[in-house]
Amino acid sequence: MVAQFVPDTDRSDAGTTSAREAGGDVLHVSGLTVEYVTGGDPVRACADVTFTLRRGEILGVAGESGSGKSTLITALTRLQRPPAVTTAGSIVFHPRDGGPAVDLVTASPKTLRALRWTSLSIVLQSAMDALNPVMRLGAQFADALRTHDRTLSKDDAWARAAELLATVGISGDRARSYPHELSGGMRQRASIALALACGPELVVMDEPTTAVDVVMQRQILAQVLRLRRTLGFAVVFVTHDLSLLLELADRIAIMYAGRIVELGTARELYDDPLHPYTRGLRDSFPPLHAPLTRLTGIPGTPPDLRRPPSGCPFHPRCPRRFEGCDAHLPELVTSGRSDVGGHAVACRLHDPTVRPETTAGGPA
């Protein structure tokens, strides 16, 4: 038994539907592959990642450490550094104003500079690393604002910084504070406000609540939902905490060994996860309103991407593996059971051409 599914009222189906109908898609990712090129064989951290992000949607990305989540978001924002290299695929961004689509994989540095902050922004995992420790908050906001709006005066930029801080529940007079003068939760909320400074259409968040307590985590997520509803931006929210995404996200992508192994709505992944790995993640957090139960978890450890297993990368840990799972790599295919883009899974258990009658190490 797992925690009760309680979707946040700010993330209602009606609000999600209106956001989709209002603007279509903001991002198309197709066949994205990212490798770490070292002296030996390249290590493939993301392999053939494909998904579509709708305008105003929150897409959660979950998985264990080493599943490729952080590599994915640095590739989406073109912030990866050597030895990470995007070797295949496309990331097509569709501007809200109807301008020409931009492939972020091949875009020039000049094009990327124009898109950052105004169209695409990121909230990093560690606020103390993201905020300059020797600059006042207001100066950091003014720097971003005046870079993209040359007509904005210094005084107006500082006033705008105070307004942005107020939107995330921080008093405007704290714009004159240094990061070390703020609490951890305030620094994290300031990072979110900074990411929203220029009204982006897409915000990528890399585990923005990892370093804060559960009370502050809830406050930050409530702010994100409120701002998303007000400003209409889309979010890619990366975390290892699936229970968090079940409340926050519209759709969730589960990653394992650099691949998306399941993609569906939060309700679908809670009620009927199709991939054994997703089911293991769902069943590994304790219930909040139920009798005590024994948590099962997922045996084993994630694979070494330098020497990935053959076939399905999850088969050495899978309780439902059967003959052929160690030889055939399943593709991500849509089951057609969802009314929102399809519930997709990469598992031979759901391949109609395969009969999982013979197990090879676990109960079918």
Side-chain angles (χ1 to χ4, degrees), residues 58-61 69-70 72-74 76-81 112-113 115-148 157-241 244-245 248-249:
I58 298 180
L59 174 68
V61 181
K69 305 185 304 296
S70 294
L72 172 62
I73 63 170
T74 55
L76 293 180
T77 52
R78 278 284 298 274
L79 293 176
Q80 74 263 48
R81 298 179 179 180
L112 290 172
R113 182 175 177 81
L115 289 174
R116 285 171 178 156
W117 295 105
T118 58
S119 297
L120 314 170
S121 65
I122 187 169
V123 179
L124 298 173
Q125 181 173 351
S126 174
M128 280 305 291
D129 292 336
L131 298 172
N132 191 325
V134 298
M135 289 179 65
R136 298 183 191 274
L137 279 181
Q140 299 182 54
F141 279 77
D143 185 34
L145 289 165
R146 298 185 71 195
T147 296
H148 293 280
W158 274 78
R160 177 59 179 153
E163 293 174 1
L164 287 163
L165 289 174
T167 64
V168 294
I170 300 175
S171 175
D173 59 10
R174 301 308 295 267
R176 301 203 62 82
S177 299
Y178 290 97
H180 72 270
E181 297 178 302
L182 306 177
S183 68
M186 292 173 70
R187 289 195 297 267
Q188 197 64 67
R189 283 182 284 159
S191 295
I192 294 173
L194 183 57
L196 301 177
C198 297
E201 302 174 50
L202 170 61
V203 181
V204 177
M205 297 186 175
D206 183 12
E207 305 203 39
T209 61
T210 297
V212 297
D213 59 72
V214 292
V215 175
M216 183 54 63
Q217 178 186 83
R218 188 70 185 183
Q219 292 179 10
I220 291 173
L221 296 181
Q223 293 285 358
V224 170
L225 288 167
R226 182 181 63 81
L227 292 168
R228 187 280 299 256
R229 187 177 66 251
T230 303
L231 304 176
F233 54 83
V235 180
V236 177
F237 194 103
V238 174
T239 181
H240 62 277
D241 188 351
L244 181 67
L245 292 182
L248 176 73

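From a predicted model like this one, the values you see are computed outputs, not experimental measurements.
The CG atom of L221 lies 9.0 Å from the CE atom of M205; values are rounded to the nearest 0.5 Å. Annotation: the span from H148 atom NE2 to R113 atom CZ amounts to 6.5 Å, rounded to 0.5 Å. Taking CG from L79 and CG from L124, the interatomic distance works out to 8.0 Å, rounded to the nearest 0.5 Å. Of the inter-residue distances, the one linking L131 atom CG with H180 atom NE2 reads 12.5 Å to the nearest 0.5 angstrom. Expressed to the nearest 0.5 Å, how far CG of L194 lies from CZ of R187 amounts to 14.5 Å.
Checked against side chain to side chain donor-acceptor pair (under 3.5 Å), H240 has the following partners two or more places apart in sequence or in another chain: E207. Looking at residues two or more places apart in sequence or on another chain, you find a salt bridge (charged side-chain N to carboxylate O under 4.0 Å, His left out) between E163 and R160. Not counting sequence neighbours, Q219 has no partner by the side chain to side chain donor-acceptor pair (under 3.5 Å) test. Taking A162 as the reference, nothing meets the side-chain contact (heavy atoms from CB on, under 4.5 Å) condition, with sequence neighbours excluded. With sequence neighbours left out, the side-chain contact (heavy atoms from CB on, under 4.5 Å) criterion links A161 to F141. When the side chain to side chain donor-acceptor pair (under 3.5 Å) test is applied to Q80, the partners found at least two apart in sequence or on another chain are T86.
Across V203 and F233, no two heavy atoms sit closer than the pair CG2-CD1, 3.9 Å. Here the closest heavy-atom approach between residue I73 and residue T77 is recorded as O-OG1, 2.9 Å. For the residue pair V168 and R226, the shortest heavy atom distance occurs at N-NH2, 4.4 Å. Among all heavy-atom pairs drawn from I220 and G185, the shortest one is CD1-O, 4.3 Å. Nearest heavy atoms, L164 versus A193: O-CB, 3.6 Å. Residue Q140 comes nearest to P179 through the heavy atom pair NE2-CG, 4.0 Å, listed as atom of the first residue, atom of the second, then distance.
A donor-acceptor pair under 3.5 Å links the side-chain atoms of S121 to the main chain of A195, judged by distance alone.
Sorted by first and then second residue, the side chain to side chain donor-acceptor pair (under 3.5 Å) pairs with a member in residues 166-176 read S171-D173, R174-S177; sequence neighbours excluded. Sorted by first and then second residue, the salt bridge (charged side-chain N to carboxylate O under 4.0 Å, His left out) pairs involving residues 131-147 (not counting sequence neighbours) form an empty list.
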Legend entry - Worked check of side-chain contact (heavy atoms from CB on, under 4.5 Å) between L196 and I192: CA-CA 6 Å; L196 301 177; I192 294 173; 4.2 Å; yes

Inset, instruction - Starting from the C-alpha separation in whole Å, work towards a yes-or-no answer on side-chain contact (heavy atoms from CB on, under 4.5 Å) for L72 and V238. - result: CA-CA 9 Å; L72 172 62; V238 174; 5.9 Å; no

Inset, instruction - Go through the steps to decide whether I58 and L225 satisfy the test side-chain contact (heavy atoms from CB on, under 4.5 Å), and finish with yes or no. - result: CA-CA 9 Å; I58 298 180; L225 288 167; 3.7 Å; yes

Inset, instruction - For L182 and L137, run side-chain contact (heavy atoms from CB on, under 4.5 Å): C-alpha distance rounded to whole Å, both residues' side-chain angles, the deciding distance at 0.1 Å, then the answer. - result: CA-CA 10 Å; L182 306 177; L137 279 181; 3.2 Å; yes

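Counting heavy atoms from C-beta outward, T209 and T239 have side chains that stay 4.5 Å or more apart. Proximity of D241 to L245: side-chain heavy atoms (C-beta onward) are nowhere separated by under 4.5 Å. Taking the side chain as every heavy atom from C-beta outward, Y178 and V134 never approach each other to under 4.5 Å. Contact annotation: the side chain of L120 never approaches that of R78 to less than 4.5 Å [non-hydrogen atoms, C-beta and beyond]. Residues R81 and T74 form no side-chain contact, since every pair of their non-hydrogen atoms from C-beta on lies 4.5 Å or further apart.
Each of D206, L202, I122 was checked for a side-chain contact (heavy atoms from CB on, under 4.5 Å) with V236, and the lone residue meeting it is L202. For the side-chain contact (heavy atoms from CB on, under 4.5 Å) with F237, the qualifying choice from V61, L244, V204 is L244, the only one to do so.
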